[in-house]
Amino acid sequence: MKDRIYTNSAIKAPPGSKVVVAGWVHRLRVVGKICFVILRDREGLIQVVIKRDKSPQMFDEASQLKQEDVIAVKGEIVPSKASIGGVDLVAEELVVLSKTIAPLPIFPDDWEKTSLAKRLDWRFLDLRSPRNLLIFRVQDKLENAMRHFYRENGFIEIHTSKLVAEATEGGAEVFPVIYFDKTAFLAQSPQLYKQMMVIAGFERVFESGPAYRAEKHHTPRHLTEYQSIDIEMGFIEGPEDVMDMVERATLRALSEVASSYSKLVKELLDVDITLPKEVIKIKLTDACRLIEGTPTPCPSNYDISTEHEKAIGEAVANEYGTDLFFITDYPWIARPFYTMKSDDNPEFTRSFDLIYKGVEIVSGSQREHRYSKLVEQMMEKGLRPEKFSFYLEMFKYGAPPHGGAGLGLERLTMTTLGLKNIREAKLLPRDPERLTP
RNA sequence: GCCGCGGUAGUAUAGCCUGGCCUAGUAUGCAGGCCUGUCGAGCCUGUGACCCGGGUUCAAAUCCCGGCCGCGGCGCCA
């Protein structure tokens, strides 16, 4: 085992060389005097050939293998035109490390044969499919690319508490938690804490962590627990500073995925990862003008819903040829209390969403940092300032202008890879019904 | 939370509308056998299922009600 190499290296080894590989039996074909085992590990597949002539005992053992048994094989790399990577591994030693017991409940080698719900019930088997593993390697790349980008740009990575005393934005969409003799809640966003750190003087902060929403959504793009990549930056002049940062981070993440995985993504998910040439910013009111004559024009208060967003997405794609764009300047009624209002028109705000392939992946804004305005806005939203005293205190002792944004990692993964359901982009998705595995 | 559609072997499905010809069909898996450098291998045999509870009826997989679960739409949002 010390000499073990991954299948992708084994395939590239020069003919005649001896290698050791180990992994799962992906497929098995016993054909007369020869046994073909497609062996799978994290990095790929290799065809192992076990010949009866060479060792009858080894052949017997091999022909009794079952799909998903775990084996280690030592053998010689031999050219074979029709085989995976153009080589066979002709076995000299075979060790069975683990046997499967029952018939498999799902088809790990062919995810399409099983419904998503069943696949999630058997997630550890489902993830053995190279295609499903790839989703999470891409997600890893997306998250780390952003992490590196933000750190390179002066953001300090922080970790804030997910146990909170009050809902951050009012409303009932929080999960209560029994906290000794009190009721606590799971944080629906690190919003207030990341602002706290900017006000504390961190200047720029970044956090990747879970966020919880107790909404009984039944859609392909909602989870009750999702990974939120949040930033907050101080001393901005306007929301454009935040947008530019988010845009660069997103493009960086996409380009890193493209350079590392574009070939595999094309092969296993049939998706081309293309980088948009430019990311446009369009005011909501202007976006609405694009769909004015359609059957679904924006309402007069610009509190748009899913159908408008969909229509805007198509209109922008036609007009500007991009599926990644910002919609800016949302109306005050549609944004949370801490959003800064526009100077020229208090009905609108210094806010934005980033839309990718028709899905909202980022939401952000400049925050209101002036104490009295903030109290005013809180009351306008029907929140009781006394409930948020810890938050409001922060604005009494020197709070710089600041703003930030939050990105849904699973949503970005889903849109990047063209997945139809966000659950595919979460290792262990939680929705209103599912709490296991 | 509301609305729509659905729940049949391990998995994926047919049957349900028009109740009895269903001893529930097919594919795949699994078990056994044959054959063959396979590559979605092939051929033969076997195996195995009507979500739960109530109701209508001489008779329910099929019709009705409730529950649970699944998929999607809306609200809402990342």
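Every chain is numbered from 1 and lettered A, B, ... according to where its sequence line falls, protein lines coming before strand lines.
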If you check every side-chain atom of [X], which of [options] has the closest atom?
X: Asp88(A); options: rC30(B), rA41(B), rG37(B); result: rG37(B)
X: Val31(A); options: rC77(B), rA12(B), rU38(B); result: rU38(B)
X: Lys216(A); options: rG1(B), rG72(B), rC76(B); result: rG1(B)
X: Phe36(A); options: rC77(B), rG37(B), rC71(B); result: rG37(B)
X: Lys118(A); options: rC71(B), rA78(B), rA12(B); result: rA12(B)
X: His217(A); options: rA12(B), rG75(B), rG73(B); result: rG75(B)

Between [N] and [M], how far is it from one [atom1] atom to the other, in whole Å?
N: rU26(B); M: rU47(B); atom1: C1'; answer: 16 Å
N: rG6(B); M: rA61(B); atom1: C1'; answer: 14 Å
N: rG53(B); M: rA60(B); atom1: P; answer: 15 Å
N: rU62(B); M: rG73(B); atom1: C1'; answer: 28 Å
N: rC2(B); M: rC63(B); atom1: C1'; answer: 26 Å

Just to confirm, is there a sub-4.0 Å distance from OP1 or OP2 of [N] to any side-chain nitrogen or oxygen of [X]?
X: Ser363(A); N: rA78(B); result: yes
X: Ser305(A); N: rG75(B); result: yes
X: Lys113(A); N: rU11(B); result: no

Rounded off to whole Å, could you give me the [atom1]-to-[atom2] distance for the [X] and [N] pair?
X: Asn421(A); N: rG72(B); atom1: CG; atom2: P; result: 5 Å
X: Lys426(A); N: rA78(B); atom1: NZ; atom2: C1'; result: 11 Å
X: Leu435(A); N: rC69(B); atom1: CG; atom2: P; result: 11 Å
X: Leu116(A); N: rG7(B); atom1: CG; atom2: C1'; result: 16 Å
X: Ile333(A); N: rG75(B); atom1: CD1; atom2: P; result: 14 Å
X: Asp126(A); N: rU11(B); atom1: CG; atom2: P; result: 14 Å
X: Gln191(A); N: rA78(B); atom1: CD; atom2: P; result: 10 Å
X: His218(A); N: rC2(B); atom1: NE2; atom2: C1'; result: 11 Å

- Message: Would you compute the distance between atom CZ of Phe326(A) and atom NZ of Lys283(A) and round it to the nearest 0.5 angstrom?
- Response: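 So the CZ of Phe326(A) and the NZ of Lys283(A) are separated by 15.5 Å.
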Is there a donor and acceptor pair closer than 3.5 Å between the side chain of [X] and the base of [N]?
X: Asp110(A); N: rG40(B); answer: no
X: Arg411(A); N: rC77(B); answer: yes
X: Lys51(A); N: rG37(B); answer: yes
X: Thr219(A); N: rC76(B); answer: no

- Between the main-chain N or O of Ala211(A) and the side-chain N or O of Ser228(A), is there a donor-acceptor pair closer than 3.5 Å?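 No.
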- Item | Nearest-nucleotide comparison on RNA chain B, the residue closer to the 5′ end among Ala117(A) and Ile422(A) |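 First, find each residue's nearest nucleotide; the 5'-ward one identifies Ala117(A).
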- Query: If you pin Ile34(A) and Phe107(A) to their nearest nucleotides in RNA chain B, which one's is more 5'?
  - Reply: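 It is Phe107(A) whose nearest nucleotide is closer to the 5' end.
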- Task: Determine, stepwise, if the pair Arg137(A) / Asp140(A) fulfils salt bridge (Lys or Arg N to Asp or Glu O under 4.0 Å).
- Result: CA-CA 5 Å; Arg137(A) 300 190 76 166; Asp140(A) 169 65; over 6 Å; no
Nucleotide opposite [N] in a Watson-Crick or G-U pair, distances under 3.5 Å:
N: rA12(B); result: rU26(B)
N: rC39(B); result: none
N: rA61(B); result: none
N: rG1(B); result: rC74(B)
N: rG48(B); result: none
N: rC17(B); result: none
N: rG6(B); result: rC69(B)

Hey, are [Y] and [X] close enough side-chain-wise for a donor-acceptor pair under 3.5 Å?
X: Glu207(A); Y: Thr160(A); value: yes
X: Asp353(A); Y: Ser363(A); value: yes
X: Gln195(A); Y: Gln191(A); value: yes

- Message: Does the structure place the NZ or CZ of Arg335(A) under 6.0 Å from the centre of the six-membered ring of Tyr330(A), at an angle of no more than 45° from the ring's axis?
- Response: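 Yes, a cation-pi geometry holds between Arg335(A) and Tyr330(A).
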- Checking side chain to side chain contact (heavy atoms under 4.5 Å, CB included) against Thr415(A), which of Asp323(A), Ile355(A), Leu324(A), Ile361(A) comes through?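 So the option named by the test is Ile361(A).
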- Message: By a 5.5 angstrom centroid cut-off and a 30 degree plane limit, is there stacking between Tyr226(A) and rA78(B)?
- Response: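 By the stated criterion, Tyr226(A) and rA78(B) stack.
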